[in-house]
Amino acid sequence: MAIDELTGITGFTHHLTGWLRRLMPPGPRLDRLTADLEDTFADRPEPLTAAGCRAVEACARMHTRHLELHFDAGGTAEPDTRSHGWPPVDPEQVRARAAGVREVRRLADGTFALTLDTLDPVEYAGPYLEAAFALARGAGRLVLDLRGNGGGDPGTLALIAEHLLGDGAEALSEVIYRDRRRQWWTRTRPPGSALTQDLAVLVSSHTYSSAEALAYHLQVRGRAVIVGETTRGAADHVTPVRLTGQVVGLLPEGTVIDAVTGSNWEGSGVRPDVACTAEEAWEVALARPVRQSASR
């Protein structure tokens, strides 16, 4: 029998906090998260349900916006004993959605607009993004629409930033894991090849995870004006874990530290420079005066 069937919500929560202590970097935030979960659900013997998972998520959300619990009442798979990481993506599915490049437009006024709905792995997304950015050469201004983007590969984030931040290599972030650290940089580009036009990035309350990271990195470096709604505020790197036969969790395992601010957008979200509803963001961005040069 699965652990939730044997011991209810209390037992499940104890199992979850054990995984969090295995995955997350040690520190006060982990201590507060696990203490709150164990205190809140200390006397809950009833069987775990989808509603119970939502309650656990809501409690965890005070400390991490990225913890998700996906409940399947009919699930029977064996729980994980170690983290296996993300499964490989299906290249055919990536090609079917053009690696999230939903729309590329060149307007009559010289505006280049790219709507990007996800950040697929860079080895598949790279050719689509290179083709899209080739159409931006000579544009009067750039609009990057991330309002529906749920995030994805940090490598793809770095590739996009590389086209927008300048020709020189630049540190983006450091991700602190429990047992290691990883830095993310843009690569050096051929002189004069990076895009320097005025840039607006559209965001919404649905912009999530690595899509938030892209908006944040561009904003704090003064490269883009962010237009729209405050984003969801999920900065952690996460990994999937089958916690029980019925529950798959997306659990935080890495803390992102921006190379400029020494902080991140966890909990607060990326706050727009020009606030408006998501529906208004496109027209508001087009109504902005164009800055003559965005090169830094």
Side-chain angles (χ1 to χ4, degrees), residues 15-38 56-57 59-69 80-87 119-122 146 149-162 165 168-187 203 207-221 223 230-243 248-271:
H15 183 58
L16 171 62
T17 56
W19 267 103
L20 293 172
R21 292 188 182 99
R22 290 172 62 181
L23 291 172
M24 291 180 68
R29 187 164 74 112
L30 172 60
D31 295 340
R32 291 192 296 267
L33 169 60
T34 54
D36 276 0
L37 286 171
E38 291 180 341
V56 174
E57 285 178 335
C59 179
R61 199 166 292 129
M62 294 184 292
H63 307 284
T64 173
R65 297 287 177 90
H66 230 151
L67 189 149
E68 299 178 17
L69 300 174
D80 288 335
T81 57
R82 62 182 180 87
S83 173
H84 298 281
W86 290 95
L119 300 175
D120 275 318
V122 67
L146 302 177
N149 196 303
D153 183 15
T156 302
L157 178 165
L159 175 63
I160 297 169
E162 172 185 313
L165 284 178
E170 183 163 342
L172 294 175
S173 66
E174 182 173 41
V175 184
I176 302 171
Y177 298 92
R178 190 171 189 87
D179 58 351
R180 66 194 188 281
R181 293 175 177 240
R182 178 170 183 177
Q183 293 185 341
W184 289 94
W185 288 67
T186 64
R187 298 172 301 181
V203 297
T207 306
Y208 194 49
S209 191
S210 291
E212 295 180 85
L214 177 57
Y216 184 88
H217 294 326
L218 294 171
Q219 181 185 50
V220 301
R221 287 160 178 78
R223 177 62 183 94
T230 300
T231 65
R232 291 175 64 180
D236 291 327
H237 281 204
V238 297
T239 190
V241 176
R242 177 165 288 281
L243 297 166
V248 174
L250 300 184
L251 306 185
E253 65 167 350
T255 300
V256 178
I257 303 298
D258 180 84
V260 169
T261 66
S263 183
N264 61 40
W265 60 100
E266 177 64 44
S268 62
V270 180
R271 295 171 179 164

| task | Assess whether side chain to side chain contact (heavy atoms under 4.5 Å, CB included) is satisfied between Trp86 and Leu250, documenting all intermediate values. | result | CA-CA 10 Å; Trp86 290 95; Leu250 300 184; 3.7 Å; yes
Between [X] (side chain) and [Y] (backbone), is there a donor-acceptor pair under 3.5 Å?
X: Trp19; Y: Ser83; result: no
X: Glu170; Y: Ala161; result: no
X: Ser173; Y: Val256; result: no

If every non-hydrogen atom of [X] is compared with every non-hydrogen atom of [Y], which pair is closest and at what distance?
X: Gly85; Y: Pro240; answer: O-CG, 3.5 Å
X: Leu243; Y: His15; answer: O-NE2, 3.0 Å
X: Val270; Y: Ala215; answer: CG1-CB, 4.3 Å
X: Ala259; Y: Ala171; answer: CB-O, 3.6 Å
X: His66; Y: Ser209; answer: CE1-OG, 2.9 Å
X: Gly168; Y: Thr186; answer: O-OG1, 3.7 Å

| Test side chain to side chain contact (heavy atoms under 4.5 Å, CB included) applied to Leu214 and Ile160, step by step | CA-CA 8 Å; Leu214 177 57; Ile160 297 169; 3.9 Å; yes
| field | All side chain to side chain donor-acceptor pair (under 3.5 Å) counterparts of Arg22, not counting sequence neighbours | value |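 With sequence neighbours excluded, Arg22 shows a side chain to side chain donor-acceptor pair (under 3.5 Å) to no residue whatsoever.
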| message | Could you work out, with side chain to side chain donor-acceptor pair (under 3.5 Å) as the rule, every residue matching Glu68, not counting sequence neighbours? | response |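 Glu68 satisfies side chain to side chain donor-acceptor pair (under 3.5 Å) with His70, Tyr208 only.
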If you measure from [atom1] on [X] to [atom2] on [Y], what distance do you get to the nearest 0.5 Å?
X: Leu157; Y: His217; atom1: CG; atom2: NE2; result: 5.0 Å
X: Leu16; Y: Glu38; atom1: CG; atom2: CD; result: 9.0 Å
X: Thr34; Y: Arg32; atom1: OG1; atom2: CZ; result: 10.5 Å
X: Leu20; Y: Thr64; atom1: CG; atom2: OG1; result: 8.5 Å
X: Glu57; Y: Leu67; atom1: CD; atom2: CG; result: 7.0 Å

| task | Would you tell me whether Thr261 and Tyr216 have side-chain atoms, one donor and one acceptor, within less than 3.5 Å of each other? | result |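 Indeed, the side chains of Thr261 and Tyr216 share at least one donor-acceptor pair under 3.5 Å.
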Return each pair, listed once, that meets salt bridge (charged side-chain N to carboxylate O under 4.0 Å, His left out) where at least one residue sits in [range]; pairs must be two or more places apart or across chains.
range: residues 152-162; result: Glu162-Arg187, Glu162-Arg189
range: residues 250-266; result: Arg221-Asp258
range: residues 175-186; result: Glu174-Arg181

| request: Using side-chain contact (heavy atoms from CB on, under 4.5 Å) as the criterion, list what pairs up with Thr255, not counting sequence neighbours. | output: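 Listed in chain order: Pro25, Arg29, Asp236, Ile257, Asn264.
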| task | Identify the residue among Thr207, Val203, Leu146 that makes a side-chain contact (heavy atoms from CB on, under 4.5 Å) with Glu212. | result |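 Answer after filtering Thr207, Val203, Leu146: Thr207.
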| task | Output, in order, the C-alpha distance, side-chain angles, deciding distance and verdict of side chain to side chain contact (heavy atoms under 4.5 Å, CB included) for Met24 and Leu33. | result | CA-CA 11 Å; Met24 291 180 68; Leu33 169 60; 3.7 Å; yes
| said: Side chains of Asp120 and Thr156, heavy atoms from C-beta outward: is any pair under 4.5 Å? | reply: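 The answer is no, as the side chains (C-beta and beyond) never meet within the 4.5 Å cut-off.
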| query | Is there side-chain contact between Pro252 and His63, with at least one heavy-atom pair below 4.5 Å? | reply |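 Side-chain contact under 4.5 Å: no.
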